[in-house]
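As the structure lists them, so they are numbered: ligands from 1, and atoms in each ligand from 1.
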Amino acid sequence: TTENFQFTLKKTDAGARLGEVSMPRGTIRTPAFMPVGTVGTVKAMYLDQVRETGADIILGNTYHLMLRPTAERVARLGGLHKLIRWEHPILTDSGGFQVMSLSGLRKLDEQGVTFKSHVDGSLHHMSPERSIEIQGLLGSDIQMQLDECVALPAEPKEIERAMELSLRWAERCKVAFGNQPGKAMFGIVQGGDVPALRVRSAEELAKLDLKGYAVGGLAVGEPQDVMLKMLETTLPVLPGEKPRYLMGVGTPDDILKSVARGIDMFDCVMPTRSGRHGLAFTRRGKVNIRNARHAEDMRPLDEQSNCPATRDYSRAYLHHLVRANEALGGMLLSWHNLNYYQELMQGIRKAIAEGRFADFMAETIEEWARG
Ligand SMILES: CNc1nc2cc3c(cc2[nH]1)N=C(N)NC3
């Protein structure tokens with residue numbers, strides 16, 4: 001680790017990149033999957049287990065934490081890392097996406113957004129400056145700019161207006177963030193599904209010389225081929241020596257195809273949320289453990305795994321727990337899925353290191369299909 005934020009590109013294999021982000025709190029091996037810890041917890045998991053699965057960094061959310069327990073209280077309690085007992089890096093989203101998707105949005109203007117809390121209906125205002133202030137109070141290592149996310153489909157004029165506002169907010173966030181050597185503020189490329197707007201957003205953000213760049217406004221229900229097309233349009237315009245983060249993505253298939261196009265970092269609720277609903281990701285494809293076919297299947301999900309949830313518990317027991325809506329069901333499947341995602345990332349990193357990523361991707365997708 002270093003006292004500065006440092007991204008090192010170690011190897012490329014066609015479009016895929018092997019790298020690492022070193023920060024005072026630890027090193028992030030990329031391509032990286034970041035478990036989502038929305039309100040200061042990766043749901044149904046102990047953070048020791050999250051670390052054990054191989055996670056180098058987790059996410060927190062400005063929107064949720066500012067509403068409860070509030071950023072000021074987290075700061076009084078010593079910051080998020082101390083409060084939740086995770087001493088490795090934490091990336092916090094800015095609230096841009098959550099305000100649009102979760103709150104009763106009241107007003108959006110040049111200054112910021114005014115919204116009603118989905119927790120208690122109280123009124124809140126968030127400006128780019130306040131979002132960065134909150135992320136600072138939380139002690140976040142990688143802070144995201146405040147952006148305006150437009151739900152697709154949308155009129156190109158509307159997408160352009162939101163993209164240009166997000167660019168102005170990126171500059172204000174850069175000023176508000178100032179100079180914090182061991183930390184980083186990432187910009188977020190917007191532009192919806194309009195290639196020319198994506199390119200302009202990426203070009204303008206690149207001029208700000210930020211520490212890293214996220215591709216946002218995707219994984220909002222658009223088809224995978226549209227998402228991949230936007231990556232092919234956007235990534236070549238972003239500086240190659242900076243990390244690229246695809247927000248909210250995704251399934252194992254999304255991740256493989258996005259790594260192939262040059263994405264370094266991912267976050268998604270998929271492994272934890274679907275685990276709580278009884279869906280297991282495995283090397284042989286998805287297993288809906290609720291399905292009656294598992295009721296007396298004494299096999300574990302994968303006897304070769306080193307994860308206890310995957311190796312030691314029968315599908316029959318997992319089926320029973322999920323059908324009975326028992327907490328242990330969601331706990332074991334979240335643990336299994338996070339471990340599967342990290343094993344996938346480990347396989348991806350190894351394949352890039354050995355110059356065989358294309359084969360790894362084809363073989364992995366083929367094995368899922370075999371079922
Ligand atoms: C689940 N899909 C998803 N797309 C996203 C897109 C964004 C985001 C979070 C997301 N999650 N956070 C932002 N601040 N902006 C863009």
Could you check whether Y245 and Y213 have their ring centres less than 6.0 Å apart?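 No; Y245 has its ring centre 6.0 Å or more from that of Y213.
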When you check the gap from the basic side-chain N to the acidic O, do K257 and D253 get nearer than 4.0 Å?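 Judged by the 4.0 Å cut-off on N to carboxylate O distance, K257 and D253 do form a salt bridge.
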Between D193 and R198, is there a salt bridge with N-O shorter than 4.0 Å?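 A salt bridge is absent here (no side-chain N lies under 4.0 Å from a carboxylate O).
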Side-chain touch D13/E354, heavy atoms, less than 4.5 angstrom: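 Sidechains of E354 and D13: no contact.
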Check the pair H64, H118 against ring pair (Phe, Tyr, Trp, His ring centres under 6.0 Å), reporting the backbone distance first and the verdict last. CA-CA 9 Å; H64 295 82; H118 74 287; 5.8 Å; yes
Tell me, which residues have any heavy atom less than 4.0 Å from some atom of ligand 1?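 Contacting ligand 1 under 4.0 Å are D93, S94, F97, D147, C149, I188, Q190, G216, G217, L218, A219, M247, G248.
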Can a side-chain donor-acceptor contact be found between Q49 and T53 if the only test is distance below 3.5 angstrom?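 T53 vs Q49: no donor-acceptor pair found between side chains.
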